[in-house]
Amino acid sequence: MAPRIIDGKAVAAKVELETAEGVARLASRGVTPGLAVVLVGEDPGSQSYVTMKERDCARLGIRSFDHRLAASTQQAELDALIDRLNADPDVHGILVQQPLPKHLDVEEAVARVSPVKDVDGFHPENLGRLMRGLPGPRACTPWGVMRLLDEYGIDPCGKRAVVVGRSLLVGKPMGLMLLERDATVTTCHSRTPDLPAMCREADILVVAIGRTKMVGAEYVREGAVVVDVGINRTDVGLVGDVDFDAVAPRCAAITPVPGGVGPMTRAILMSNTIAAAEVQTR
Ligand code: GUN
């Protein structure tokens, strides 16, 4: 049977409608939600993400505060900017785009952002809240994956979920979110022996490894749900970590790249910004 293609654009549009309702709710109380985006350096991928985030803000009626800093920016300067944004009542969400240039301390930057303004869900307090099962801002990409599963009626409860990749941005929080929903979770990474065999155990396979088309048919059990978090820039455009054409015929459902997880990350970021504004102006 042909797989269901999980349409991230359509679900992102639905999330945006909810966000627009949130913007209207805040407006009725005289509040305009604001998101500050901090980009250090000229990484082209990061520049295009940040530009798209700013467009999303404009479309939804969220004020965006754009801070593009030179690659040579020093830690003290970045810290001072984060402190100013933390203190600014017009800024409800702060996103420091990763990766930062190597000479900067990402741990310092992430921990410096006020936890209530941490729309990325990366602050140690918010990751701790996720670990403890408490509400709080959740990392946009894995939270977007959970929303996609929910929208397509894919219940992780009792399923075997395999996450490939253990980054703090995706893999680790993804595993915790699937566990919170009662999946049996395995997190794999570059040192996992016989990765294809491990992945073939999965009812739900989430791939976030950053290697173009690494996952072929031999990684996928017949009838699995495959979620491709990869966004690799190649000469032929954006390509995922999953070899879609090879894998799709085996799947019950699969996310395409582009048009799968990507649009969800930004939609959840906007939704997290509204939630942050609501918490801060209650
Ligand atoms: N770089 C890649 N994805 C993300 C994200 O979700 N948030 C931030 N801050 N940086 C990223």
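Everything quoted here is computed from the prediction, not taken from an experiment. Just so you know, ligand 1 is whichever comes first in the structure, and atom 1 is the first atom listed for that ligand.
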Candidate with minimal heavy-atom separation from atom 9 (N) of ligand 1, of I268, V50, D120: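 When every heavy atom of I268, V50, D120 is considered, D120 comes closest to atom 9 (N) of ligand 1.
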
Test your reading of the model: is there a side-chain donor-acceptor pair from N86 to the backbone of S114, 3.5 Å cut-off?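 Checking the backbone N and O of S114 against the side chain of N86, a donor-acceptor pair under 3.5 Å is found.
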
Can you check whether D120's main-chain N or O pairs, donor with acceptor, with N272's side chain at less than 3.5 Å?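 Between the backbone of D120 and the side chain of N272 there is no qualifying donor-acceptor contact (under 3.5 Å).
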
Taking non-hydrogen atoms only, is Y49 closer than 4.0 angstrom to ligand 1 via side chain, backbone, both or neither?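 Y49 to ligand 1: no contact under 4.0 Å from either part.
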
Is the shortest distance from a Lys or Arg side-chain nitrogen in [X] or [Y] to a carboxylate oxygen in the other one below 4.0 Å?
X	Y	answer
R147	E151	yes
R59	D56	yes
D150	R181	yes

Taking atom 1 (N) of ligand 1 as the reference point, the nearest protein heavy atom with its distance: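 Of the protein heavy atoms, Q98 O, 2.9 Å lies nearest.
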
Which heavy atom of the protein is the closest neighbour of atom 11 (C) of ligand 1, given with residue, atom name and distance?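 I find the closest protein heavy atom is Q97 NE2, 3.4 Å.
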
Please identify which atoms of ligand 1 are closer than 4.0 Å to at least one heavy atom of F122.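 Within the 4.0 Å cut-off of F122, ligand 1 contributes 7 (N), 8 (C), 9 (N).
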
Only heavy atoms of L169, strictly under 4.0 Å: list the atoms of ligand 1 that pass.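 So the answer, numbered in order with elements, is 1 (N), 2 (C), 3 (N), 4 (C), 11 (C).
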
